[in-house]
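Comments concern the structure below.
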Amino acid sequence: MASRGSGTALTRRNYRLASEPDKRKVTGIVNEKLLNLYLQRIFPAAEGVLHGASYRKPLTFQNLEEHLDRLVSACETAEDDTDQAAEGRLGPSTVVLDHTSGFEGLLLVDDDLLGVIGHSNFSSIRATTCVYKGKWLYEVLISSQGLMQIGWCTLSCRFNQEEGVGDTPDSYAYDGNRVRKWNVTTTNYGKSWAAGDIVSCLIDLDEGTISFCLNGVSLGTAFSDISRGSGMAYFPAISLSFKESVAFNFGSRPLRYPVEGYRPLQDPPSVDLLKSQRLLGYLKNVLRTGIDVQEGKLLDKEPSTWQLQGEPTVLITLAHVFNHFAPLMCKVYLVEDVLMNYLLGILEEGGAIEEHPLIQRLLDLMWLLMEDYEIHECLKQLMMSLLRAYRFSPIVPDMGLQIHYLRLTIGILSHERSRKYLLNNVLFDVLRSVVFFFIKCPLRVEEAGLQELIPTTWWPNRFNKEGKEIKDPLEESGEERLRRRAYERGCMRLKKRIEVVEELQVQILRLLLNNKDKGGGEASRYIFLNKFRKFLQENASNRGNPTVLCPPEYMVCFLHRLISALRSCWDEYKLRNPSACCSEEAYVPPQLFYNGKVDYFDLQRLGGLLSHLRKTLKDDLASKANIVIDPSELQAVTMDDLEEEDESASTTAQRSSAALAIGGALSRPSWLSSPTLGRANRFLSTAAVSLMNPRRPLGALDKVKVRSLSVEQRTEDDIEGQHGNEGLLLGRPPEEADSLITENSLLEILDGAIMMYNLSVHQQLGKMVGVSDDVNEYALALKDTEEKIKRCPKRRADIMEELVKSQQVFSEKLNHLSRRLAWINVTIYSKEKMEDIYWLLQVCLRSIEHADRTGSLFAFMPEFYLNVAMNSYNALKNYFSPVSSMEELPGYEETLTRLATILAKHFADQRIVGTDIKDSLMQALASYVCYPHSLRAVEKISQEQQISMMKNLLAPYEQRPWAQTNWILVRLWRGCGFGYRYTRLPHLLKTKPEDANLPSLQKPCPSTLLQNHMAELLRGDPELASSFLNSVLNQLNWAFSEFIGMIQEIQQAAERLERNFVDSRQLKVCATCFDLSVSLLRVLEMTVTLVPDIFLDWSRSSSELLLRRLAQLLNQVLNRVTAERNLFDRVVNLRLPGLESVDHYPILVAVTGILVCLLVDSNPQGIQRATSVLLADPCFQLRSIQYLLGQIEPSILGTGPPPADKKHFSLQAYTDYINAEELSKVSKMLAHLSEESKQAAAATQPTSEEDLCPICYAHPISAVFKPCSHKSCKACINQHLMNNKDCFFCKATITGVEDYDKTAAN
């Protein structure tokens, strides 16, 4: 291959025949007469050129070069009037961004100096060339639709981090984000822009006007009478906020939307353009001219059928053409304007790509007749132009432009040699080729033609109290039904158009996944696989670097196309190998996770860091998988293993080389700047210290794991395996069957697809649901407005006018949003896309099940497999509805049960050590039991697994995060407790929930089966019951105490005279403590109801103590909440935002449920014990029980009469939530306690202070400690000894506790 460099250092291939003897040596050359006719037709004389003697000579290959030189040189004008060309313009002829002095702030600029990314609050930069006379324009390709101001400025403009283009005199800007124009002041102007749009900036210095166009449509004159005259010259300029990005076209490429009368700032290469067009004409002549040697005449041929069949005459002719044409095809302007347009013209007739073999033959010619560096540069520029054209083409109803560019891309990639070169060097290294798989969503539905495709719009118009759509076909009127069906037909028309584009995108990926094209090197699939892995690494390892990350909206489209192509290749392999798995049974075998053949970068494993796992599980790897870890890999260190002070000079030297490598990494394609090249590796800063320099030098690259083979070094044999080498499947554990799955390369691509979903696809799926939510909100607002119009009195014409205006605004917005939603539903939430995500979910479930069987080696599995399993289920359940329903998917019930088994087994799996993934599993299980269909799935798992799950849920709370565990138990009980059948709290019914799909807002669905398992466990294991309940009581004491402390601070802040604000975070924590207290009380209610013996059977060692602790906490809660005009009352009445859930009802009914179970529903002996313990507690107040039924003692109200509008709490007011039987039990409990408290008061004898327990001062002394002889009541010492063995007073170790008898002591 020729080296890359300047043209003078390269020798061209020369096909010219120097002499007549040379000609005789070449067979197949036609006779001179026929050759002359042929060459005269191919190279006709240019019009207007004098025909001298040399033109009258017969053309042969000896004088063809001279003839061709004259024809080409005729394109050059004798005198180039350079002064005239540059009139009105100052600066370099090649216009770029001024990266030396013309910028302010922090910026990332591409290598071509045309793309820029904002890297600070509001950065500005101008071009190197200015204009002072004439009409000029340039184009800006919008890569992100955020805050930017684009326009013109003079050299005198001074910008800063707050003021940019348009904020100073003599600077003018258009802002499509806020739809305004700026020149010191601002007014409305233009339309909103979106990523993928092109803004044309025009300045007329003859008339003194500035105007703008969006995608070729004029937005009108923005500014007139701008400053002109001596010293006034205008530079193209932009100001943009953080992460916003654009690319400029000053004329280095053909303008997408030229405007008549306006010139680009950079002159097009007119001479080269004429040359290339003329040479292309000669090439076309060759394609449509045939030679009949036998008849001695020329034939007209159809160019599409042309092929080079070893004809030396044609080949040498083409060599002369390419001798001039090839160097021109290294220039981007000519490639885009001449070559790309010619190739697109070949495909204009339509039909399949295979019906146009001319593109393949032209590429064959180019590889044959161009130098390596020429064809390489030409292909790179061609793909860059195609990518730019595809991304920045406006959306039209038939998607014709996008289809046209994708078809040509397929045609080029169908050429094997070109495909392999592009894969190896361009598609992932220079271009952001994922753009080819993206279908952008139109921001303006009118310009996208959606009004023609979907003329009738529709939106839901019936909602329940929670704001959810009511789907009842019987209630739908005839007009609504017709509108809905017309809307659905329009959506189907749109879907068919988009499916054509998606199918072309899948064809591109199928070409890249070709593993049969092994001629001339490695097959395309293995090149793609290595590039794909590096792409994943960039997106997994650079979460904080937005210029490297692939935007999530691109990832979504790429994932769906990849899944389609992958499944197609998978099933084709199944057809050739019937013993292999079909794609419906696909999974990733566990050996990929630990054999080191697939690099997972620095992604967390279930068991922790890979280096740690290799050290601790090396014996298991050897015994189960026959894998011996290289000692050098075991000695490899991670960054955490090094201390800063221990770093040696050699490490510092390594860091310097690592920094170079990191610099190289920064030159990878930028996803936010230039649409194609995107090498954002020039960092511009006006600050004294660059923000890109980290405080501590980055040293990740010298700490990477020692690998036997890097991604770039892997070959087909390393992946697929051969001659006893299992490739990626090395180290099959005994639990895995020795059966064929599919090609190993497809397994790695499948693994990468799962990783892609975890990186950003799930996040984007959730984000796009916002459009559907907007439709529902506007539909609800429209419905409300229409009802107000019906109720509006006729005499109030002013109100009616405003309501009609609002109705019109809401209707227009809904028309727009419903069409946009149709686009999103087709491209993101269609049934086919749902099936892709469902397939990924099933793949993850099977992969987890297979890995779980390997025992300890399960720890090697990357965490993202569990994350994707949980998140994909969440997406299927919440994001794809109502377009598609998960219940319609095949095997839906079985999939739910398999996921339930995984959640139930692994949320407390000791092999999983990461706190984040353990929390995620716990939250997923908590959400799972909130919905009837998924709770039924939990009840379908094996009984052994159910019991194991419940046992893990009942583990002591102190040893782990307990809030989610408690929430799971509460959900299993909700619907069975006292007054616990509500979906939303009574006082919140009139407010609309933020998200009606939240698990906490689902209807109660208790599980009797799991409740019974819990009861059996607590009844059969006294130690488990005691430790569990003690932990619940401890957490209740903490949560309620924290809650009381916080509302005291809130009340104090509210009572201050000066204006102050309570921290919203403090309010949120306060509400959380309240909710935790309520949920803990509900768990206690469930325990008392299911297993009352734990508290009331005093033959159990800890029953009495547990009952006393319970009574103490219940009295504490009641006293705090029921005291008239107390702290709790005052804070509730404030109704602060963030404390909506804090109210009397939820906490009082929970306490009431426990008391009713103990004092009414128990057996007589239990009731007596509970009563005595409750009354013996010094905090017990009968008025707290009376408060429950609204019975307020007069003494409590004070001397003055009660306020007339004051409503006292009473359970009797909640008849929709508490039934008559429950109320009668509360009345019975009150009567019982009233009678018992009277009898207890009469029988109580006064106790001297000396005889009271010195700890609680509530009970008499009843225990003495050994050996120190200090004393307290039994309740205090028993509670203390649960956590501590030291004496309260002297800290001596307590060896025993004896009953204390005062008489005996005396």
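Start at 1 with the first residue, then count along the sequence. Predicted, not measured: the structure shown is a model, and the values here were computed from it.
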(request) With rounding to the nearest 0.5 Å, note down the distance linking SG in Cys557 to CZ in Phe437. (result) 11.0 Å
(request) Kindly say whether Leu427 contributes a backbone atom to a donor-acceptor pair with the side chain of Ser433 at under 3.5 angstrom? (result) yes
(message) Testing the basics here: between Leu339 and Cys378, what is the closest heavy-atom pair and its distance to 0.1 Å?
(response) CD2-SG, 3.5 Å
(message) Working note: Met340 + Leu343, criterion side chain to side chain contact (heavy atoms under 4.5 Å, CB included); need CA distance, chi angles, decisive distance, verdict.
(response) CA-CA 5 Å; Met340 186 178 82; Leu343 296 177; 5.9 Å; no
(message) Using modelled atom types and a 3.5 Å cut-off, is there a donor and acceptor pairing between side-chain atoms of Asn249 and backbone atoms of Glu139?
(response) no
(request) Mind checking the CG-CG spacing from Leu423 to Leu413? Nearest 0.5 Å is all I need. (result) 7.5 Å
(request) Return the orientation label for the Phe528 and Phe428 ring planes: parallel under 30°, perpendicular over 60°, tilted otherwise. (result) perpendicular
(request) Check the pair Cys330, Gln381 against side chain to side chain contact (heavy atoms under 4.5 Å, CB included), reporting the backbone distance first and the verdict last. (result) CA-CA 8 Å; Cys330 296; Gln381 297 296 347; over 6 Å; no
(request) Please examine the side chains of Tyr342 and Leu362, heavy atoms only from C-beta on, and report whether any two atoms are closer than 4.5 Å. (result) yes
(request) Could you pull out the closest heavy-atom pair between Thr128 and Thr94, with the gap in Å? (result) OG1-O, 4.1 Å
(request) Assign the ring pair Tyr138 / Trp152 to parallel, tilted or perpendicular, where the plane angle (0 to 90°) is split at 30° and 60°. (result) perpendicular
(message) Side chains of Gln277 and Leu280, heavy atoms from C-beta outward: is any pair under 4.5 Å?
(response) no
(message) Using modelled atom types and a 3.5 Å cut-off, is there a donor and acceptor pairing between side-chain atoms of Ser124 and backbone atoms of Glu104?
(response) no
(message) Please check this pair: side chain of Thr129 against backbone of Pro92, looking for a donor-acceptor N/O pair closer than 3.5 Å.
(response) yes
(message) For Arg391, is there any backbone N or O sitting under 3.5 Å from a side-chain donor or acceptor partner on Lys440?
(response) yes
(message) Quick check: closest heavy atoms across Leu114 and Val96, and the distance to 0.1 Å?
(response) CD2-CA, 4.2 Å
(message) Please check: side-chain N/O of Lys133 versus main-chain N/O of Leu205, any donor-acceptor pairing under 3.5 Å?
(response) no
(request) Check the pair Ser144 / Glu244 against side-chain hydrogen bond (donor to acceptor under 3.5 Å, both in side chains), numbers first and verdict last. (result) CA-CA 6 Å; Ser144 64; Glu244 303 305 331; 2.6 Å; yes
(message) A side-chain contact here means heavy atoms from C-beta on lying under 4.5 Å apart; do Val72 and Arg278 qualify?
(response) no
(message) On a heavy-atom basis, which atom in Asp206 and which in Gly134 lie closest, and how many Å separate them?
(response) OD1-N, 3.4 Å
(message) When you measure from the side chain of Asn215 to the backbone of Ile198, do you find a donor-acceptor pair of N or O atoms at a distance under 3.5 Å?
(response) yes
(message) Once rounded to the nearest 0.5 Å, what's the spacing between atom CE of Met384 and atom NZ of Lys380?
(response) 6.0 Å
(request) Before giving the answer on side chain to side chain contact (heavy atoms under 4.5 Å, CB included), spell out for Leu363 and Leu379 the whole-Å C-alpha distance, their side-chain angles and the decisive distance to 0.1 Å. (result) CA-CA 10 Å; Leu363 289 169; Leu379 285 174; 4.1 Å; yes
(message) When you compare the side chain of Val116 with that of Val246, does any pair of heavy atoms fall below 4.5 Å?
(response) yes
(message) Minimum heavy-atom separation for Ile125 and Leu107, please, with both atom names.
(response) CB-CD1, 3.9 Å
(request) Give a yes or no on whether the backbone of Cys213 and the side-chain of Tyr174 come within a donor-acceptor separation of less than 3.5 Å. (result) no
(request) From the options Tyr189, Phe223, Phe235, Trp182, select the one residue that forms a ring pair (Phe, Tyr, Trp, His ring centres under 6.0 Å) with Tyr172. (result) Phe223
(message) Does either side chain, that of Gln266 or that of Arg89, offer a donor lying less than 3.5 Å from an acceptor on the other one?
(response) no
(message) Could you check whether any side-chain N or O of Glu336 sits under 3.5 Å from a backbone N or O of Ser385, counting only pairs where one atom can act as donor and the other as acceptor?
(response) no
(request) State, yes or no, whether a side-chain contact exists between Gln149 and Arg178 at a heavy-atom distance under 4.5 Å. (result) yes
(request) Quick one: pull up CG in Leu265 and CG in Leu137 and give me the separation to the nearest 0.5 Å. (result) 8.0 Å
(message) Are Trp136 and Phe250 an aromatic pair, judged by ring center distance below 6.0 Å?
(response) no
(request) Assess whether side chain to side chain contact (heavy atoms under 4.5 Å, CB included) is satisfied between Val259 and Leu202, documenting all intermediate values. (result) CA-CA 9 Å; Val259 179; Leu202 295 80; 3.7 Å; yes
(request) For the residue pair Lys181 and Phe212, establish whether any side-chain heavy-atom pair is separated by less than 4.5 Å. (result) no
(message) How close do Asp197 and Phe392 get, counting heavy atoms only, and between which atoms?
(response) O-CD2, 3.7 Å
(message) For the CZ atom of Arg126 and the OG atom of Ser101, what is their distance to the nearest 0.5 Å?
(response) 5.5 Å
(request) Please determine, by modelled atom types, if Thr168 and Glu163 share a side-chain donor-acceptor pair under 3.5 angstrom. (result) no
(message) Counting C-beta onward and ignoring hydrogens, is there a side-chain heavy-atom pair between Ser123 and Phe103 closer than 4.5 Å?
(response) no
(message) Any heavy-atom pair between the side chains of Tyr333 and Pro254 that's under 4.5 Å?
(response) yes
(message) So does Gln145 get a backbone contact from the side chain of Asn177, meaning a donor-acceptor N/O pair under 3.5 Å?
(response) yes
(message) Please report the interatomic distance CD1(Ile238) to CG(Leu97), rounded to the nearest 0.5 Å.
(response) 8.5 Å
